[in-house]
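Below you'll find the structure, written out as structure tokens, and then a few comments.
FYI, the numbering just counts along the sequence from 1. Scope of the values below: all heavy atoms of this structure, side chains included, with no hydrogens, waters or symmetry mates. Quick caveat: nothing in here was measured; it's all calculated off a predicted structure.
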Amino acid sequence: MQHLRGAVGDRLGSLEIMSRSQIEAIAESVPHVAIPFELTTPWYLIVELTDTLAGVDLDEPLGTVLADAMEAGLAEDVIPASNLAQAKAIWAVRHSVSEGNKRSGYVVSHDSVVPLERQAAFVNNVEARIKAAVPHANVVMHGHIGDGNIHVVALIDRARCQDPAATAALVAEINAIVDDETAAQGGAISAEHGIGVTNRGRLARVADPLDIELMRDIKRLLDPEGLMNPGKIFGAGAA
């Protein structure tokens, strides 16, 4: 990412990361999506450059920085899209994440964001901790690496999720692992999808109480009567 930003600047329009396990889940459960590359490495990046000016050659700067990355050992292989059809085939993999995960099992998904320099530690630690606690879970990941937002997803065999109480306890255990590791790496449990009712308890458990109070103060300042989307984060009737 640093090499790309240094070489192409604001032309770096997309930088999506996917774990091998995530792509394998798509390959196994979404038959109408072909994987246009071999699954030989643990992580994959989808890189797309954009420019507001027509006729600008984006292939040359991208090719140069990718060649440099391979020479430096930062990438094992590169597959450039030479036409729109090839680009769509690559993006089809990323766009099939939700479908593939839902077809693969009971989905326990997260929206963690951690500082860029802590992402490697985060993904390694959280995967190891989930697998140690829930050995039957298939841990897959995808996200927007430039924003520090990597979605950790645990896929559970639906046959193990017939008892609602046991399933809720399992989800809570996985959530606690992800949230604790997110906090340990200086991150936050929600990057883009918000808190809402579902994650209210998770936020209260790991967030600094001073941060929660600051949120309350901002809410009171902007909405003293508690009319805007009441009760979604701070409880029913709370301003």
| Should Asn199 and Ile195 count as side-chain neighbours, where that means a heavy-atom distance under 4.5 Å? | yes
| field | Min side-chain heavy-atom separation Ile23-Arg20 under 4.5 Å | value | no
| request: Kindly compute the distance separating CD (Glu173) from CD1 (Ile130), expressed to the nearest 0.5 Å. | output: 10.0 Å
| query | Is it true that Val97 and Ile150 fall in one hydrophobic cluster, defined by side-chain heavy atoms closer than 4.5 Å? | reply | no
| task | Look at atom CD of Glu117 and say whether more than 12 heavy atoms of other residues, nucleotides or ligands are closer to it than 6.0 Å. | result | yes
| task | Would you mind telling me which of Val8, Leu12, Leu4 makes a side chain to side chain contact (heavy atoms under 4.5 Å, CB included) with Leu62? | result | Leu4
| said: Please enumerate all residues that pass salt bridge (Lys or Arg N to Asp or Glu O under 4.0 Å) together with Asp180, with sequence neighbours excluded. | reply: Arg205
| Interatomic spacing from NE2 in His144 to CD1 in Ile17 - rounded to 0.5 Å | 12.0 Å
| query | Can you check whether Asn101 reaches Ser29 side chain to side chain, under 4.5 Å on heavy atoms? | reply | no
| message | Any side-chain to backbone donor/acceptor pair from Glu213 onto Pro209? Under 3.5 Å, distance only. | response | no
| Distance in Å, His110 NE2 paired with Ser190 OG, rounded so as to fall on 0.5 Å steps | 12.0 Å
| What's the spacing between Leu45 CG and Leu66 CG if we round to 0.5 Å? | 9.5 Å
| Atom of Ser104, atom of Arg158 and distance for their closest heavy-atom approach | C-NH1, 4.5 Å
| query | Looking at side-chain heavy atoms only, is the closest gap between Thr182 and Val114 below 4.5 Å? | reply | yes
| message | Do Ile174 and Ile156 make a side-chain contact, defined as non-hydrogen atoms from C-beta onward lying under 4.5 Å apart? | response | yes
| Would you say Val126 and Val206 are hydrophobically clustered, going by side-chain heavy atoms of ILVMFWY under 4.5 Å? | no
| field | Pro36 to Ile79 - nearest heavy-atom pair and separation | value | O-CD1, 3.8 Å
| task | Run the ring-centre check on His193 versus His151 and record whether the distance is less than 6.0 Å. | result | yes
| message | On a heavy-atom basis, which atom in Phe122 and which in Val178 lie closest, and how many Å separate them? | response | CE1-O, 4.3 Å
| Any side-chain heavy-atom pair from Gln119 and Leu116 closer than 4.5 angstrom? | yes
| query | Distance-only, no hydrogens or angles: does the Lys219 side chain make a donor-acceptor pair with backbone N or O of Met228 under 3.5 Å? | reply | yes
| Do you know which two heavy atoms are closest between Pro224 and Leu222, and how far apart they sit? | CD-C, 3.6 Å
| said: As an exercise, state the distance from CZ of Arg202 to CG of Asp179, rounded to the nearest 0.5 Å. | reply: 4.0 Å
| note | Scanning both residues in full, the closest heavy-atom pair of Gly194 with Asp111 reads N-OD2, 4.2 Å
| request: Among residues two or more places apart or on two chains, list those pairs meeting side chain to side chain donor-acceptor pair (under 3.5 Å) that have a residue in residues 122-134. | output: Asn125-Glu181, Glu127-Lys131, Arg129-Glu181
| query | Is it true that Val33 and Leu39 fall in one hydrophobic cluster, defined by side-chain heavy atoms closer than 4.5 Å? | reply | yes
| field | Considering all heavy atoms, the nearest Asp59-Asp57 contact | value | N-OD1, 3.0 Å
| query | Would a distance-only check, ignoring hydrogens and angles, find a side-chain to backbone donor-acceptor pair under 3.5 Å from Asp51 to Leu53? | reply | yes
| task | Would you indicate whether the side-chain heavy atoms of Trp91 and Glu16 approach each other to under 4.5 Å? | result | yes
| task | Hey, could you give me the OH/CD1 distance between Tyr44 and Ile35, rounded to the nearest 0.5 Å? | result | 10.0 Å
| query | Would you say the side chain of His95 lies within less than 4.5 Å of the side chain of Lys88, judging by non-hydrogen atoms? | reply | no
Extract all donor-acceptor atom pairs below 3.5 Å that involve side chains of residues 134-143 and protein atoms in other chains or at least two apart in sequence.
| residue | atom | partner | partner atom | Å |
| --- | --- | --- | --- | --- |
| His142 | ND1 | Gln22 | OE1 | 3.1 |

| Is Asn83 reaching over with its side chain to a backbone N or O of Gln86, donor-acceptor style, under 3.5 angstrom? | yes
| field | Arg11 (side chain) donor-acceptor with Thr50 (main chain) under 3.5 angstrom | value | no
| field | Arg220/Asp217 ion pair, N-O < 4.0 Å | value | yes
